[in-house]
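Presented below is the structure to which this report refers.
Numbered from 1 within each chain, the chains take letters A, B, ... in sequence-line order.
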There are 2 protein chains.
Amino acid sequence: MKLKPSKPTDLSAHIAQAIRDAIVSGELIVDERLPSEAELSDQFQVSRPTVREALKRLAAQSLIRTQRGASGGAFVNKLSFEDAYSQQVTTSTLLLSMNAVSFDTACEARYSLERACAALSAERRTADQLATMRAEIFRQSQPGLTDEAFCASDVSFHRALVDGAANPVLSYQLAGAVEAMQPLMNMITFTARSREEIIALHSRIADALEARDAKAVDQALLELEAYTRQLARDVAEKRRKPN
Amino acid sequence: MKLKPSKPTDLSAHIAQAIRDAIVSGELIVDERLPSEAELSDQFQVSRPTVREALKRLAAQSLIRTQRGASGGAFVNKLSFEDAYSQQVTTSTLLLSMNAVSFDTACEARYSLERACAALSAERRTADQLATMRAEIFRQSQPGLTDEAFCASDVSFHRALVDGAANPVLSYQLAGAVEAMQPLMNMITFTARSREEIIALHSRIADALEARDAKAVDQALLELEAYTRQLARDVAEKRRKPN
DNA sequence: GACTTTTAAATGTCAGACAAATAAAAATTT
DNA sequence: AAATTTTTATTTGTCTGACATTTAAAAGTC
């Protein structure tokens, strides 16, 4: 663990980077204990608060965890899919909300990726996942449902579809694409008619998955994407000319 | 910005979460200045070092940036695609290396996602992106190339393919899948024969993109995936039984 | 009016202290 | 001797107060 780069300021950022490099390169392995804060401040020739700021940076990325007490300290954390998943969702959500990404662009990305899971999911989906999808479809058909709850159920439905591919890397990668869309979807007001349409498409997807018919899943997803984008266009249209 | 939750320890984590929530919810908007560290310590009733640790956590996630001097302070950062991209690559790389993800699983995810870009890329790829791909193919055919350089060029090639879809959200989502594979790929020793094969498939992809033939791109990617997985199997086989 | 100097505000860093948690060692009791 | 309790040492968590550095604006000067 060395620090060489140029910048004279932000010592804590440099130290964090040095430790991060050591972790990424494998110099520090999972569950290995880092030197204590006191030792680190000696090694890096900085004060303990500075070391602590560096460690908090790493903790924010789930790269380390800390434990108090004797034989405590900072340990290299095994980055779990769960941690990575939630980080990804947060990042993706902020990315979309801060960069004026058009609904079309986000929607295209989401459904392109989802279709990438379609074939695998058709092949591997479990009965359990299928049941989850059916349950979400049922929930979506309940009359009193708010738009937000409808969207949340939509996310659950699609998540089950993605998880059906039985590939944790895919599930992780898709997390951002699917969940980060929700705030954008929430801006749409779903009429009874449009809900009906979406539910019909969801049912077609579930049916196709049940029949393990990859082509049909793909086709239904294509239509769902087209319909969703049409809905968004209608909403935008109405906003512009609210009759 | 309030903090209510249960945990009594890790004040800085709570404060970071409170501010993070304020950003995600839109209570704090991009480029808005946060209260000064002194004011925050007043508001949250903690010391300045604790506030600073919280701010460093947020800085580690590129949620804020800080500026020194009068009229300086912490500002809500506009999360750029670039920042998100590199974070995603780091996270994905660590995720794969720490979770004993099989080569097959990672490879399947990567090529599934890449094929999701194939149709869009065939439709939209620019002459420039095509030229990049041709240049990388040429580089890959150079005799003196190390395996690492070959892999790096491979990543550049595929990145151009993904960027061809002209959808920044897709490019961002794919970043992890494509780049995080590199360390795994680096474990493969590429013989002259296997390089030849890969280059031939890359050429077929480039040709198909030039002809805007989505089907052909998809097919070539499928074959490339199959070949890559076969290569990995061969390597594993040789390790187990080194003649 | 243009330039220089001063000032004030803010982050960056440091030193030293105490609190709290925790595991291991030591002492005590059974 | 074993089990339990107490002590101790280590380590992170937090606080106080201070000084350095940067920066923009205000004040002063030519």
- Got a donor-acceptor pair under 3.5 Å from the side chain of Arg48(A) to the base of dG16(C)? no
- Message: Side-chain N or O of Arg33(A) versus OP1/OP2 of dT11(D): is the shortest distance under 4.0 Å?
- Response: yes
- Task: Kindly say if Thr66(B) contacts the phosphate of dA10(C), meaning a side-chain N or O under 4.0 Å from OP1 or OP2.
- Result: no
- Message: Here's a test of your reading of the structure: between Gly69(A) and Ser12(A), which maps to the more 5' nucleotide of DNA chain C?
- Response: Ser12(A)
- Distance-only polar pair, side chains of Arg139(A) and Gln142(A), donor-acceptor under 3.5 Å: no
- Please state whether the phosphate of dA24(D), meaning OP1 or OP2, lies under 4.0 angstrom from any side-chain nitrogen or oxygen of Ser71(B). no
- Item | Atom-to-atom span, CZ of Phe44(B) to P of dT14(D) - whole angstrom | 14 Å
- Item | Nearest-angstrom distance from the residue atom CD of Glu37(B) to C1' of dA18(D) | 15 Å
- Note on the structure: 5'-most contact on DNA chain C (nearest-nucleotide basis), Pro49(B) vs Glu39(B), goes to Glu39(B)
- Is the ring centre of Tyr172(B) less than 6.0 Å from the ring centre of Tyr85(B)? no
- Task: Output the single nucleotide from dT16(D), dG13(D), dC14(C) whose closest atom is nearest the side chain of Arg52(A).
- Result: dG13(D)
- Message: Ring-plane angle category for Tyr111(A) and His158(A), please: parallel below 30°, perpendicular beyond 60°, tilted otherwise.
- Response: perpendicular
- What does the inter-axis angle of the helix from dG1(C)-dC30(D) to dT30(C)-dA1(D) come out as, five pairs per end, nearest 10 degrees? 20°
- Item | Of the listed nucleotides dT11(D), dT14(D), dT22(D), the one nearest the side chain of Ser36(A) | dT11(D)
- Message: Need one value for Arg65(A): base, sugar-phosphate or nothing, where a base atom within 4.0 Å counts as base even if backbone is also close, heavy atoms only.
- Response: nothing
- Message: Whole angstroms only, please: what is the CG-P distance between Leu55(A) and dG13(D)?
- Response: 9 Å
- Message: Could you tell me how far apart Leu40(A) (CG) and dT11(D) (P) are, to the nearest whole angstrom?
- Response: 11 Å
- Distance, rounded to the nearest Å, where Gln45(A) contributes CD and dC14(C) contributes P: 10 Å
